[in-house]
There are 2 protein chains.
Amino acid sequence: MKRNRSDDNHSPRRPSGAAVMRVQVTDALSRSFFSEWSRVGYAALSLERVAKAAGVGKAALYRRWPSKAAMASDLLPRVGLTLTDTGDKGSLEADIRAVLLAFRRVLRHRMIRRILADLHAEIGREPALEAAIRPFQQARRDRVQLIVERAIARGELAPTVDRETILDFLVGPLYWRLAVTAGCSDVTHIERLVRMTKAAMMAG
Amino acid sequence: MKRNRSDDNHSPRRPSGAAVMRVQVTDALSRSFFSEWSRVGYAALSLERVAKAAGVGKAALYRRWPSKAAMASDLLPRVGLTLTDTGDKGSLEADIRAVLLAFRRVLRHRMIRRILADLHAEIGREPALEAAIRPFQQARRDRVQLIVERAIARGELAPTVDRETILDFLVGPLYWRLAVTAGCSDVTHIERLVRMTKAAMMAG
DNA sequence: GTTGGTTGGAACGATAGCGTTCCACTCATG
DNA sequence: CATGAGTGGAACGCTATCGTTCCAACCAAC
């Protein structure tokens, strides 16, 4: 029903020249969207201010995205929330350290931290947001599961451990410290975390 | 400077009759404040709607609290966020179990859960909120510290453990499961948590 | 050069919350 | 019973955002 471009059966010519969206405007809008989000929160996020901060008209924004939720759903997958997969580090301990460091790298950005906390608070009210970040959660879950399976194959963990609770232990303490209480985490802390998390996993 | 009542040197009589705040109205406002908060979030929380939902005029609200932040700061200490102190349970394991159960009791309420997540997201933007919940955080910290000291005295923990990180492990995983991912936690899960948390603490 | 579809920007009316002000009403006190 | 401070409720003007609509400017394709 919806034709992307002039998609009629007699398309005379394709749009060109000024008649094509300028990428720089899209980028400016995306950037100011996240910047405003971290500044005032999702609920108080005004698309009008986003456009103004991007130095762009409101119509430019609404022509690209129909609503705030749609914009968030479209843009969220583009930011660096993905924990870079580090592969097999050879031991459970090294794998844990890799995950924690990757998670910390994400949570260290002030903007991302705020947006994440806001996101988690808003998910219960905006189903579209949940759908948008489900892939990330799934990826994280898969990755942890992989680590657990490798550890079991190595004989470092019993096959009876609970994968879900292990996931809670891997991300919970660090998330609590960095995102909830605005604490910090240096190398010493990470090392302690690795030690304690490993012990918890082996007891699970 | 500010006289509470008619505190002049010639105070003829004290306010009475209809000229005194009705407790039921204050209560209705408090309840609808939290109800609305959990429904739409702090940022989108409209005091006008709060008053309307309480079946009360706006002036009634503004006469009691000057602003949303002030209302939150005043009301937050009154809700059941306080983890009931369970005292010495005789062993580290029992103490951990008691803390986790108390924390779960709080996080099980759908309303409290949402408000807590919202609160944590908003703290970075509203300094007044941080001041309001600081006592709770301090109480929780003190309580955990007490547990740790008892465990050290019993010989269950080494005196070198890091109290802060232990706090992260005690609340982090459960908060992550219940508040962030809207998971659930039955008795089996709590028992597993107790086991794993104790192992982590002993490795810290 | 002309064309044509899309652009960014500025205006619109509508809706909603803010914080204030005014007013009739209430009711224990004296 | 008369008093009067404090009440709850309705209205005010103000500001901001919403989503839409209109318009001149633009520029590769023909």
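Computed from a predicted model, the values in this text were never measured in an experiment. Basis for what follows: all heavy atoms, side chains included, without hydrogens, waters or symmetry-related copies. Letters A, B, ... are given to chains in the order of the sequence lines, protein chains preceding strands, and every chain is numbered from 1.
Between L193(A) and H189(A) there is a side-chain heavy-atom pair separated by less than 4.5 Å.
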| Verdict with reasoning, Y175(B) to H120(B), per ring pair (Phe, Tyr, Trp, His ring centres under 6.0 Å) | CA-CA 12 Å; Y175(B) 180 83; H120(B) 288 140; 5.4 Å; yes
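Judged purely by atom type and a 3.5 angstrom limit, R104(B) has no side-chain atom pairing as donor or acceptor with the backbone of L174(B). Between the side chain of K68(A) and the main chain of L45(A), a donor-acceptor pair closer than 3.5 Å is present.
Using cut-offs of 30° and 60° for the angle between ring planes, the W37(A) and F33(A) rings count as perpendicular. Below 30°, between 30° and 60°, or above 60°: for F169(B) and F169(A) the angle between ring planes is between 30° and 60°, a tilted geometry.
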| said: Within the 4.0 Å limit for protein heavy atoms, which parts of nucleotides 8-20 of chain D are touched? Write it as a string from 5' to 3', B for base, S for sugar-phosphate only, - for none. | reply: BB-B-----BBBB
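Remark: R163(B) CZ is packed, more than 12 non-hydrogen atoms of other residues, nucleotides or ligands lying under 6.0 Å away.
Helix bend of the helix from dG1(C)-dC30(D) to dG30(C)-dC1(D): the angle between its two end axes, each built from five pairs, comes to 10° after rounding to 10°.
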